[in-house]
Amino acid sequence: MRLSTAKGGLLAGAAALMLAVPASAQEISLWTLSFSDVQRINDGFAKLEQQFEAEHPGVDLKIVRRGTDEHKTALRVATGAERGPDVYFMWAGLGLGGEFVKAGLSQDLTPYYEKYDWADVLVGSSMGFVEQFGEGMHGAPYTFKGEVVYYNKKLFEQAGIDEEPQTYEELVETAKKLKDAGIPAFTFGGTVNWHVMRLMDVLLETTCGAEKHDALIGMELDWTEEPCATKAFEEMKMWATEYFLAPFMGIDNAQSTSLFFADRAAMMLEGNWLVDQIKEGADLSNFGIFPFPTGTGRLYGFAEYHYINAKSEHKDLAAELIDLYLSEDFQQETLGAFATTSVNKNVEYVGDISDMEREWLDVFANHTELFVNGDQGFPLDVTTEYFRVINEVASGNLEPAAAAQAMQTFIESNT
Amino acid sequence: MSTTTAPASATVADAGYGSARRRDPVLIGLWISLVLVAVVWIAPFVFIVFTSLKTTGDVMTTGAFTPPATVHYQNYENAWARGDFSTTFTNSVIITFIKVPLGLFISAMAAYALARMRIIWGKLILLIILFGTMIPFQVMLAPIFTVVNSFGLIDTYPGIILPYLAFGVPYQVFILHGFFSVIPRELSEAARIDGASDITIFRRIFLPASIPVLAALLILDFVNTWNEFAMALVILQDAGMWTLPLGLMSFQGQFSNDYGQLNAAIVMTVLPATIVYLIFQRYFVSGLMSGAVKG
Amino acid sequence: MQVKPLQDSRFQAFVLLGPALVVYLVFAVYPMVDVFVLSFQRWNGLDPERAFAGLSNYKYIFTNDPVFWVAFRNTVIWTVLSVIFPPAAGLLLAIGLNQKIFGRGTLRALYYLPVIIAPIAVATMWRWMYDPFFGLFNQMLAAFGLQGLIQDWLGDRNIALYSIFVAYFWQQVGFSMVLFLAGLQGVSQTLVEAARIDGAGRFQVFRYVTLPALRVTTTIVLVLSLINSLKAFDIVYGMTGGGPAQSTQMLALWAFTQSMQIFDFGRGGAISVVLLVITIAIVVPYLRWMQRRDTGE
């Protein structure tokens, strides 16, 4: 418009035409979550948009952000309708990501994996889910997250604990010592069901081992016939009744984090994102981490992927966007923006990072395999039931054996 | 109770003397208990306002009804920004200011037609509409979503306003139908003889005559629309389209441990409806009464 | 004046009635029909096709769903509580505030205030008051040395439903109160005076004059309270979301959860139909009673 006032109608008309053609032809959209509280992620996306548009003149990259539930529903709406994103964010794992793959909303990315050699630059564990959806390769890593035990050094000291527990038995021992010193071992927030679920997940991994755990989550094994499932529920009950900061069912994860920072409990089972929260709300040097000692050597965590919509009209362009995102240069430049650890293995971690972040890098480097959160492995209805059963066990209303039975009954009546 | 019988009948006898009434021990006891209960009733508001003016540290260390030592206004500022209140507030205003007058207008037209015109199946139509006053839409959230989605109106103003209109119609038609039915025939007959059409009669005679009822309904509907949550939850998925109640819910989900700001967010959500209520208090009661009791 | 009067008036009726009727039919009546249809189908909200599923959704919710009967039971408890307590308290307040006492206008306004607050805001307020660590209730109990009574108000499945109900009660009492106040205006003052002159005490006047005159109002209040209670959605969603362990789940919320969160529209539809049928079973007799009353007058 500025042009038209300066140089007259005819020229402006021609200019507008020239501009209008590519602009209207090339608009691609990326749907992701709104990370309103984390400025770094938003800055990272702003950089992505800027670089991509600089490399592709005339292309308008539109990044649409939504809250978690809204994002899921918007994608469902998009499946039924013609309009939709070109690229979308979704968790990896059969439960959430798998559902959209099944619904035909994900393009098989095999040709792009070959063309861009993504497998050569990606961290191994981040790719763990690409081929699990059946035929083809679905999704490209966006970030991957690990969850470990955070502990309060001061409280550990008070209880006379000077070593991080290496085995499950030692962890229980640690909890006992804490309890004797009058300190609740763990804090969880029960209103958001997935918080307490984390403990159940790692307990299942501990009692059942990797293979059986996967088979149970994959609903291939009978929960009632595997004693380890009942055993895990027994352990769950013990932790909840003996070692949780009570009450826990009436608070949520954020409140539980506040209590953790206020020295009300010694440990929390949290993801690597907690590092930033500690930096904001407490003294980082007072906290340490260790992976929950499941004994299987797998890291508890999950990956988040970008999928290309099978209905997209700009698939090649979408793949270019993903390629830019995964590139070493971009990842190096935005290091720490999207997650502590990059999905690109060639990225170098330099500069002043805290001890805890350094420790996290070791954790990621030492683990090649992941096991995912239950709510990402199960279909939605089973997840809802899994939550209910865990909460019932944790609040002492359901006996462990009955809990395994409830899971199995539900699975059978829904498949 | 029997001991109070004598003085009670005595007050009836000398009802003209206000002083005698004031000394009635039963009334004094009643008054005291009503005031005490009222204090309990508004205590939550005091607690919320106090908390909204405290820092998180103060919340954790000071008593519930301890007034904030230093007034921490920043909670409001921060909550406004973090909760994106400017967006949700604007959306609420747009949706309410379109829906409420429009809904009343179409309801009034329909109520007039059903009350004063001969319409085939008129009785049945009225019955079907009245039926709607009783059916909770909360039951049908999923099909409402499906319908709105089939028009491609998810995350749009029309997408939320249309169902709001649909579920506002029954009650308003019900009230206005009752009101129009009792307007004397002579009033409209005179106009009709002069050749006025029904639309003219509605506009010139019925609409002005029903202004008090319309005002009551307007305010009731304003509050209901402003407060509506369930339908908005289903239809407005995009945070940029959220109304105040949705924004508050999301705020609670994200910042539940920031007690001061959370309570500031509550106050800001509740305030507009409260102000409207305090200004138009009289109409609320008359609106409710005309609806439920006389109808 | 070429147009025939009849056609003209038909056209006018159409113009006047049309907008409201169309909007109502499309966005209110059609969904109600659709919910019945959905309840016989299997649909996840994603597929273009909705498959016929016969009675399987009903069979599932009645026999296999571990939450349905909990939600059903809670809905019944909730409804019973809602029909008893807010109207009873509302009646008491109305009688008190019907006396000529100092500041009764202000008092009425105060009691009615919670009614106009968004239920979701009420939920948020009360959730904070119930906070087990820093909330109002536990703080007060601690201050009075009653630590033994401290509860996880919304986290303990044995009391969570009732904790929510207290918040609902707080909000709803004003509603019943206003309706009863309106009803009390209709009580003939001459009759009251006459009874008093005949030596009737306050209680007797209330029992034999006021209460019978309030019969119609009472019916209306009870039915409206009942219908409102079936609508309880926001407050449960906001306070517990149906938890802990689905122990405060209600039919309306469970239908929503099935449809919009688990994306099983068929089962959600079946649950909705159950609730709709219950509602209709109450509403239809009530509407007939209203009609009889109207024509009776």
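Order of the sequence lines sets the chain letters (A, B, ...), proteins ahead of strands, with each chain counted from 1.
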Please give me the minimum heavy-atom distance between [X] and [Y], naming the atom from each residue.
X	Y	result
B/S107	B/L176	C-CD1, 4.3 Å
C/V236	C/M250	CG2-CE, 3.9 Å
B/P163	B/G159	CD-O, 3.0 Å
C/F175	C/V115	N-CG2, 3.5 Å

Distance in Å, [X] [atom1] paired with [Y] [atom2], rounded so as to fall on 0.5 Å steps:
X	Y	atom1	atom2	answer
C/M129	C/Q139	CE	CD	12.5 Å
C/L275	C/L253	CG	CG	11.5 Å
B/Y112	B/D198	OH	CG	4.0 Å
C/L224	C/Y286	CG	OH	5.0 Å
B/I125	B/L127	CD1	CG	11.0 Å
B/L244	C/I120	CG	CD1	12.5 Å

For [X], is it the side chain, the backbone, both, or neither that has a heavy atom closer than 4.5 Å to a heavy atom of chain C?
X	value
B/N263	side chain
B/I129	both
B/Y164	neither
B/V59	both
B/V37	both
B/Y259	side chain
B/I266	side chain
B/I119	side chain
B/L248	side chain

Mind checking whether C/Y112 and B/Y277 have parallel, tilted or perpendicular rings, split at 30° and 60°?
tilted
For the residue pair C/Y237 and C/F233, categorise the inter-ring angle as parallel (less than 30°), tilted (30 to 60°) or perpendicular (more than 60°).
parallel
What part of [X] gets within 4.5 angstrom of chain B, counting heavy atoms only: side chain, backbone, both, or neither?
X	value
C/V15	both
C/A143	neither
C/L97	both
C/F256	side chain
C/I227	side chain
C/L21	side chain
C/D131	side chain
C/R104	neither
C/M32	both

Pick from [options] with the largest number of heavy-atom pairs that fall under 4.5 Å of chain B:
options	result
C/V35, C/T106, C/V284, C/V221	C/V35
C/I117, C/V22, C/T124	C/T124
C/V37, C/L230, C/L113, C/V29	C/L113
C/I101, C/V205, C/V283, C/D34	C/V283
C/G269, C/A20, C/G174, C/A255	C/A20
C/L92, C/V273, C/L93, C/L136	C/L136

Using a 4.5 angstrom heavy-atom cutoff, name the option from [options] with the most pairs to chain C.
options	value
B/L162, B/L130, B/L165	B/L162
B/A113, B/A142, B/G253	B/A142
B/I120, B/V270, B/I48, B/V169	B/I48
B/W226, B/F145, B/F105, B/F137	B/F145
B/M140, B/Q252, B/Q172, B/M117	B/Q252
B/T51, B/V35, B/L114	B/T51

Stepwise, does the ring-ring contact (aromatic ring centres under 6.0 Å, His included) test hold for C/W170 with B/F45?
CA-CA 12 Å; C/W170 176 75; B/F45 293 111; 5.4 Å; yes
Taking the six-membered ring for Trp and the single ring otherwise, decide whether the centroids of B/F65 and B/F50 are under 6.0 Å apart.
no
One pair to check against side chain to side chain contact (heavy atoms under 4.5 Å, CB included): B/F251 and B/L262. What are the steps and the verdict?
CA-CA 7 Å; B/F251 197 94; B/L262 176 63; 3.9 Å; yes
For the residue pair B/P170 and C/Y24, establish whether any side-chain heavy-atom pair is separated by less than 4.5 Å.
yes
Is there a side chain to side chain contact (heavy atoms under 4.5 Å, CB included) between C/F265 and C/R50? Walk through the geometry before answering.
CA-CA 10 Å; C/F265 282 69; C/R50 302 175 177 187; over 6 Å; no
